[in-house]
Chemist: 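Input: one structure, supplied below.
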Amino acid sequence: MKSRLRGLLLEALAGARQGGELSSNEIPSFVVEVPREEGHGDLASNVAMTLARVERKGPQVIAAILQRRLGDAGGRLARVEVAGGGFLNVTFAAEAWRERLLEILAAGDGYGTSLVGAGKRVQVEFCSANPTGPLHIGHGRGAATGDAIARVLEAAGYGVDREYYINDAGGQIETLGSSVLARYLVLCGIDEPFPENGYPAEYVTDLAREVLERDGQRWVGVERKDAVEALGREAADKLLDVIRSDLAAFGVRFDRFTSERDLQRSGRVEAALEELEQRGHLYVNDGARFMRSSAFGDDKDRAVVKSDGGLTYFASDICYHREKLLAGYDRIIDVWGADHHGYIGRMRASIAALGMEPERLRVVLVQMVSLSRDGAPVRMGKRTGEFVTLRDVLDEVGCDLARFFFLSRKSDAHLDFDLELARRQTAENPVFYIQYAYTRIAGIFRQAAEKGIEAPVPSSAVMAALGQPEELALVRLLAEFPEIVEGAAESLEPHRVVVYAQKVAGDFHRYYARHRCVSGDVATTGARLLLVRAVGQVIGRALALVGVGAPERM
RNA sequence: GCGCCCGUAGCUCAGUCGGAUAGAGCACCGGCCUUCUAAGCCGGUGGCCGCUGGUUCGAGUCCAGCCGGGCGCACCA
């Protein structure tokens, strides 16, 4: 409807110019929006205000000209008013909204999807937790966010691949291996100190016990370095399996897992470095090789090969991002923990250094989750061994609630997750408010079915029974859904969908309380069933976009 | 010290490309179940949009400076 009105306004503008009422030729940038205030019509535009300067006329005068030119636009407009500052407040004829409702129903579950993505290929890399332990709650937020971004992009017409990058090379896996080894040796009765930076958590001991049960004392005499490597790899593989099952429990799926270890062993990292070398962006200092990232906007140069000859994490990441871009993705999106924000500069620099456009990478930062229980903070961190896993949270509050909680705020804002509160306030939680709207609609249809009433085939004639202001307002809100999805996709902000769903649920609950759907009046009942079906359709879709279920009963 | 993020009601947070009288949930007070699920609805209380200046017809939104909180500033990942 917005674009429809925009078109009408542009027509009116062109007409006024031809008629000599307006002189400028500029196409102004103006806004068509849903006004906050009830009495300001269905849609409002500031077009007259933005024209005031070039036309050297008062906004009110210009607005009046456009008002006259708009007329009733072939019966589609019920009212066009010039308001205080020069706003044009437009009210569509009820008929126009009923037609819109027919379109929404006809689109069915496809309503809300759009083609703005134009089939462009996008890759979303998210979660990507190191396989050194089960997913904790912070990973959960990243997983929920990345997954919802992927869903929203798909709905907006992008071709999306979801990817998990496994950091299974380097120091952390070594630390994991030595942690397992230390626990194992102690289990064997050998007095072995636990590594200073090791992972002290219980699951490490469990892994060591598994090794002991299977291999007995076999690792006692093995060269330390070999044992650490073998046990580290095995532990990482097992922990990755745990992560995969955690993700499955959370309803998150990936198209591909890429292993850093594989990347390094294949020689592709060296190949990427070789390209940088040839482009003249590497140099040696103190026995280590650096990339001249400062030449591409980074704060300083970054090491790619350590003085001991080992590859840095950054080197693998250069290779990884290079391959993603070469694979033909129009855009790649990285969802990172906010503590990695300092990494963005060097990543962009490396893309530029390889001769590609850094704008093709977009990084979404997900802020920390501080967990509390009854107001008391719960300390977390793999290093302390004390943390609340995603699995714990799912067991305690459930998948829907956890997802909803993660996605109801902007990802770059800190999130305080109080487990006790989430559980105790279960009844008043916004997620149930939205789901309950869906459930009520299902209830209406159950009620109708019991009375042998079926929703009629949608048609203009049937819709004529809709005329209550709340009914037209609901349609007006439903009409916004596609642009909400587009906005969420473009800005990579899935929480917009949640906020919108809350509004739809709220308007529906108010409507439900005021107007009875299934009544003795056949015409009204039929029309309202269709309206309510459209509401349920939109709420169901919105919830699906953030990975939250829409229950028929609660 | 430098960089990034955040600062909106007692609490947790929305607020789209700068638009008209800044919203929601929780909490608190008072109403509404003979009728499609009261996990709901209606009404009320509650605001220096961190502070100061700037940009303009108009600023919670943009710019600068400051204050407060978080996170970074590795040849770790």
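In what follows, chains carry the letters A, B, and so on, assigned in the order in which the sequence lines appear, proteins first and then strands, with residues in each chain numbered from 1.
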Chemist: Counting heavy atoms from C-beta on, name the nucleotide in B/rU12, B/rA39, B/rG25 closest to the side chain of A/Pro430.
Modeler: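 Closest nucleotide among those given: B/rG25.
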Chemist: Could you check whether A/Arg261 pairs with A/Asp237 (Lys NZ or Arg NE/NH1/NH2 to Asp/Glu carboxylate O, under 4.0 Å)?
Modeler: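 Salt bridge: yes.
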Chemist: Hey, does the side chain of A/Tyr500 come within less than 4.0 Å of B/rA24's phosphate (OP1/OP2), counting only N and O?
Modeler: no
Chemist: Work out how far the C1' atom of B/rG46 is from that of B/rA24, and round it to whole angstrom.
Modeler: 14 Å
Chemist: Taking a pair as Watson-Crick or G-U wobble with both distances under 3.5 Å, which nucleotide is matched to B/rG30?
Modeler: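 Across any shown strand, B/rG30 pairs with B/rC42.
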Chemist: With syn defined as a glycosidic angle within 90° of 0 and anti as the rest, where does B/rC26 land?
Modeler: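 In terms of base orientation relative to the sugar, B/rC26 is anti.
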Chemist: Just checking A/Arg302: base, sugar-phosphate only, or nothing, at a heavy-atom cut-off of under 4.0 Å?
Modeler: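 The residue A/Arg302 makes no contact with any strand.
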Chemist: Mind checking if A/Ala288 touches a base, just sugar-phosphate, or nothing, with heavy atoms under 4.0 Å?
Modeler: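 Result for A/Ala288 = base.
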Chemist: May I have the distance from A/Phe30 (atom CZ) to B/rC57 (atom C1'), rounded to whole angstrom?
Modeler: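 So the CZ-C1' distance, A/Phe30 to B/rC57, works out to 18 Å.
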Chemist: Does the structure show a Watson-Crick or G-U wobble partner for B/rC75, both distances under 3.5 Å? Name it, or say none.
Modeler: none
Chemist: Between A/Arg496 (CZ) and B/rA24 (C1'), how many Å, whole number?
Modeler: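 Going from A/Arg496 (CZ) to B/rA24 (C1'), I get 18 Å.
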Chemist: Which residue, A/Val90, A/Leu88, A/Leu43, forms the side chain to side chain contact (heavy atoms under 4.5 Å, CB included) with A/Leu9?
Modeler: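 Of all the options given, the one that passes is A/Leu88.
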Chemist: Could you tell me whether A/Arg233 and A/Glu229 have a side-chain N and a carboxylate O separated by less than 4.0 Å?
Modeler: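 Judged by the 4.0 Å cut-off on N to carboxylate O distance, A/Arg233 and A/Glu229 do form a salt bridge.
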Chemist: Using a cut-off of 4.0 Å on non-hydrogen atoms, how would the nucleic acid contact of A/Ala83 be classed: base, sugar-phosphate, or nothing?
Modeler: base
Chemist: Please give the distance between the P atoms of B/rC13 and B/rG50 as a whole number of Å.
Modeler: 15 Å
Chemist: Considering only side-chain heavy atoms of A/Tyr512, which listed nucleotide, B/rA38, B/rU12, B/rC41, is closest?
Modeler: B/rA38
Chemist: Given B/rA77, B/rG3, B/rC42, which nucleotide is nearest the side-chain atoms of A/Arg514?
Modeler: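 Among the listed nucleotides, the one closest to the side chain of A/Arg514 is B/rC42.
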Chemist: Have a look at A/Phe445 and say if it touches a base, only the backbone sugar-phosphate, or nothing, with a 4.0 Å heavy-atom cut-off.
Modeler: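 No contact.
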Chemist: When all nucleic acid strands are considered with a 4.0 Å heavy-atom cut-off, which category describes A/Gly487: base, sugar-phosphate, or nothing?
Modeler: nothing
Chemist: For B/rU12, which nucleotide in any strand shown is its Watson-Crick or wobble partner with both distances under 3.5 Å?
Modeler: B/rA24
Chemist: Determine the interatomic distance between P on B/rG58 and the same-named atom on B/rU21; round to the nearest Å.
Modeler: 14 Å
Chemist: How long is the line joining NE2 of A/His509 and P of B/rA24, in whole Å?
Modeler: 15 Å
Chemist: With a 3.5 Å limit on both atom pairs, tell me what B/rC62 is paired to, counting Watson-Crick and G-U wobble, or say none.
Modeler: B/rG54
Chemist: Would you mind reading off the distance between A/Ile344 atom CD1 and B/rC4 atom C1', rounded to a whole angstrom?
Modeler: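 So the two atoms are 8 Å apart, to the nearest Å.
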Chemist: What nucleic acid atoms does A/Lys503 come within less than 4.0 Å of, heavy atoms only: base, sugar-phosphate, or nothing?
Modeler: nothing
Chemist: Does A/His495 put a side-chain nitrogen or oxygen below 4.0 Å from OP1 or OP2 of B/rG15?
Modeler: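 Answer is yes, contact under 4.0 Å.
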Chemist: With heavy atoms under 4.0 Å as the rule, sort A/Asn89 into base, sugar-phosphate or nothing.
Modeler: base
Chemist: Check every atom of B/rC17, B/rA22, B/rC4 against the side chain of A/Arg36 and return the nucleotide holding the closest atom.
Modeler: B/rA22
Chemist: For A/His340 and B/rG72, do the ring centres fall under 5.5 Å apart while the planes stay under 30° apart?
Modeler: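 A/His340 ring does not meet the centre or angle cut-off for B/rG72; no stack.
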Chemist: Which part of the nucleic acid, if any, lies within contact of A/Lys451, taking any heavy atom under 4.0 Å across all strands shown: a base, the sugar-phosphate backbone alone, or nothing?
Modeler: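 The residue A/Lys451 makes no contact with any strand.
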Chemist: Taking the P atom in each of B/rG53 and B/rG72, what is the distance between them to the nearest angstrom?
Modeler: 35 Å
Chemist: NA contact type, A/Val31, heavy-atom cut-off 4.0 Å: base, sugar-phosphate, or nothing?
Modeler: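 Base, at least one base atom sits under 4.0 Å.
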Chemist: A/Ala303 or A/Arg6: which one's nearest nucleotide on RNA chain B is closer to the 5' end?
Modeler: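 Closer to the 5' end of RNA chain B: A/Arg6.
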Chemist: Specify the separation, in whole Å, of atom CG of A/Leu88 and atom P of B/rG19.
Modeler: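 Rounded to the whole Å, the gap is 17 Å.
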Chemist: By nearest atom, which of the nucleotides B/rC13, B/rA20, B/rC41 is closest to the A/Phe87 side chain?
Modeler: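 For A/Phe87, the side-chain atoms sit closest to B/rA20.
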Chemist: With a 3.5 Å limit on both atom pairs, tell me what B/rC36 is paired to, counting Watson-Crick and G-U wobble, or say none.
Modeler: none
Chemist: Go nucleotide by nucleotide along RNA chain B from the 5' end; which of A/Glu260 and A/Phe405 gets its closest nucleotide reached first?
Modeler: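 By nearest-heavy-atom nucleotide position, the 5'-most residue is A/Phe405.
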Chemist: Is NZ or CZ of A/Arg6 both nearer than 6.0 Å to the six-membered ring centre of A/Phe30 and within 45° of the ring axis?
Modeler: yes
Chemist: Between B/rC33 atom C1' and A/Arg516 atom CZ, what is the distance in whole Å?
Modeler: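 Rounding to the nearest Å, CZ of A/Arg516 and C1' of B/rC33 are 13 Å apart.
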Chemist: Given B/rG15, is OP1 or OP2 found less than 4.0 Å from the side-chain N or O atoms of A/Lys410?
Modeler: yes
Chemist: Determine whether a donor-acceptor pair (N or O, by modelled atom type, separation under 3.5 Å) exists between the side chain of A/Asn46 and the backbone of A/Val31.
Modeler: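 A pair under 3.5 Å: yes.
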Chemist: Find the distance A/Asp507:CG to B/rG40:C1' and express it as a whole number of Å.
Modeler: 14 Å
Chemist: Check every strand shown and say whether A/Phe314 touches a base, only sugar-phosphate, or nothing at a heavy-atom separation below 4.0 Å.
Modeler: nothing
Chemist: Work out how far the P atom of B/rG54 is from that of B/rU8, and round it to whole angstrom.
Modeler: 24 Å
Chemist: What is the pairing partner of B/rG7, taking Watson-Crick or G-U wobble pairs with both distances under 3.5 Å in any strand?
Modeler: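 With both distances under 3.5 Å, B/rG7 matches B/rC67.
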Chemist: Suppose you measure atom P in B/rU61 against the same atom in B/rU55; what distance do you get, rounded to whole Å?
Modeler: 15 Å
Chemist: Any chance CD of A/Glu396 has more than 12 other-residue heavy atoms, nucleotides or ligands included, within less than 6.0 Å?
Modeler: yes
Chemist: For nucleotides B/rG15 and B/rG7, find the distance between their C1' atoms and express it as a whole number of Å.
Modeler: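 So the two C1' atoms sit 15 Å from each other.
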Chemist: Under 3.5 Å, is there an N or O donor on one side and an acceptor on the other linking the side chain of A/Asp339 and the base of B/rA77?
Modeler: no
Chemist: Suppose you measure atom P in B/rA22 against the same atom in B/rG44; what distance do you get, rounded to whole Å?
Modeler: 15 Å
Chemist: Nearest to the A/Val518 side chain among B/rG40, B/rC36, B/rU12, which nucleotide is it?
Modeler: B/rC36
Chemist: Closest approach to the side chain of A/Met554, judged atom by atom: which nucleotide of B/rA39, B/rG3, B/rC42 is it?
Modeler: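 Out of B/rA39, B/rG3, B/rC42, the nucleotide with an atom closest to A/Met554's side chain is B/rA39.
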Chemist: Determine whether any donor atom in the side chain of A/Asp299 lies under 3.5 Å from an acceptor atom in the base of B/rG3, or the reverse, and answer yes or no.
Modeler: no
Chemist: Without decimals, in angstroms, what is the distance between A/Glu33 CD and B/rG15 P?
Modeler: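 Rounded to the whole Å, the gap is 15 Å.
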Chemist: For the residue pair A/Ile173 and A/Pro131, establish whether any side-chain heavy-atom pair is separated by less than 4.5 Å.
Modeler: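 SC-SC contact between A/Ile173 and A/Pro131 confirmed.
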Chemist: Remember a base hit wins even if backbone is also touched, and classify A/Ala44 as base, sugar-phosphate or nothing at under 4.0 Å, heavy atoms.
Modeler: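 Touches a base.
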Chemist: For a quick check of understanding: with a heavy-atom distance under 4.0 Å over all strands, which category does A/Arg289 fall into, base, sugar-phosphate or nothing?
Modeler: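 Touches nothing.
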Chemist: Applying salt bridge (Lys or Arg N to Asp or Glu O under 4.0 Å) to A/Asp334 and A/Lys324, what does each step give before you reach the verdict?
Modeler: CA-CA 11 Å; A/Asp334 287 356; A/Lys324 290 204 271 193; 3.2 Å; yes
Chemist: For the pair A/Gln435 and A/Val548, evaluate side-chain contact (heavy atoms from CB on, under 4.5 Å) and give the outcome as yes or no after the intermediate values.
Modeler: CA-CA 9 Å; A/Gln435 289 182 320; A/Val548 176; 3.6 Å; yes
Chemist: Name the closest nucleotide to the A/His414 side chain, picking from B/rG69, B/rG19, B/rA77.
Modeler: B/rG69
